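Just below is one structure, and these are the notes that go with it.
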Amino acid sequence: MHQVFTANGWTVFPKDIKTFGIADVINNGAKMGTLPIAGTLDLLAYDSEGIFHIIDAKSIHLTDNGENVLANNRAEWEAQVSTYQATLE
C-alpha cells in the first residue's frame with residue numbers, strides 16, 4: 001500500500017495519529033453546549049500539492065441474512081471522517 005501512495009506523490013505519516021477537538025452539541029437547531037472529542041486516524045497523508053488526506057480503513061462483511069454492512073454504516077463512517085477532518089483544521 002505504501003508503494004501505491006508514494007507512486008502517486010503522497011507522503012504518509014505513521015499510523016495511529018491522535019486527534020482532539022471540541023464539537024458543538026446541537027438539538028433541534030439550537031446549540032446546547034460543547035463536547036470534547038478525540039479519535040485515532042488509521043493513516044494521514046499529504047500529496048504533492050500539500051493537500052491532506054485522511055485514510056480510515058474499514059473491514060466489511062456480509063451479514064448472515066445477506067445485508068451489506070457498508071450500506072448500513074456509510075453515513076456513520078462519513079460522519080466519523082468529517083469529525084477527524086474538523087479536529088485537524
Side-chain angles (χ1 to χ4, degrees):
M1 183 182 268
H2 187 265
Q3 291 174 339
V4 172
F5 291 136
T6 56
N8 287 303
W10 287 24
T11 300
V12 179
F13 290 93
K15 66 178 186 167
D16 298 333
I17 306 291
K18 306 288 189 235
T19 65
F20 304 91
I22 302 292
D24 291 334
V25 178
I26 309 288
N27 186 12
N28 293 325
K31 182 176 175 180
M32 306 300 290
T34 59
L35 183 67
I37 56 173
T40 304
L41 306 178
D42 293 330
L43 289 174
L44 180 64
Y46 64 91
D47 62 26
S48 57
E49 296 178 8
I51 298 171
F52 281 83
H53 302 270
I54 299 167
I55 297 92
D56 189 51
K58 300 291 183 197
S59 297
I60 61 171
H61 305 282
L62 294 179
T63 60
D64 291 338
N65 64 5
E67 191 172 43
N68 191 324
V69 176
L70 176 61
N72 292 334
N73 293 294
R74 183 178 185 128
E76 180 182 332
W77 293 338
E78 287 174 350
Q80 179 183 12
V81 171
S82 294
T83 302
Y84 289 155
Q85 179 182 1
T87 63
L88 293 172
E89 291 178 342

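As the structure is a computational prediction, the values presented were derived from the model and not from experiment.
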remark   = Scanning both residues in full, the closest heavy-atom pair of T34 with I22 reads CB-CG2, 3.4 Å
ask   = Rounded to the nearest 0.5 Å, how far apart are CD of Q80 and CG of L41?
value = 9.0 Å
ask   = Can you name the nearest heavy-atom pair linking V81 to I54, along with the distance?
value = O-CD1, 4.2 Å
Closest heavy-atom pair and its distance - H53, W10 = CG-CH2, 3.5 Å
task = Specify whether F13 and Y46 have parallel, tilted or perpendicular ring planes, treating 30° as the upper limit for parallel and 60° as the lower limit for perpendicular.
result = tilted
same_hphob_cluster(I26, L35) at 4.5 Å side-chain heavy-atom cutoff = no
task = To the nearest 0.5 angstrom, please state how far the OG1 atom of T11 sits from the CG atom of L44.
result = 10.5 Å
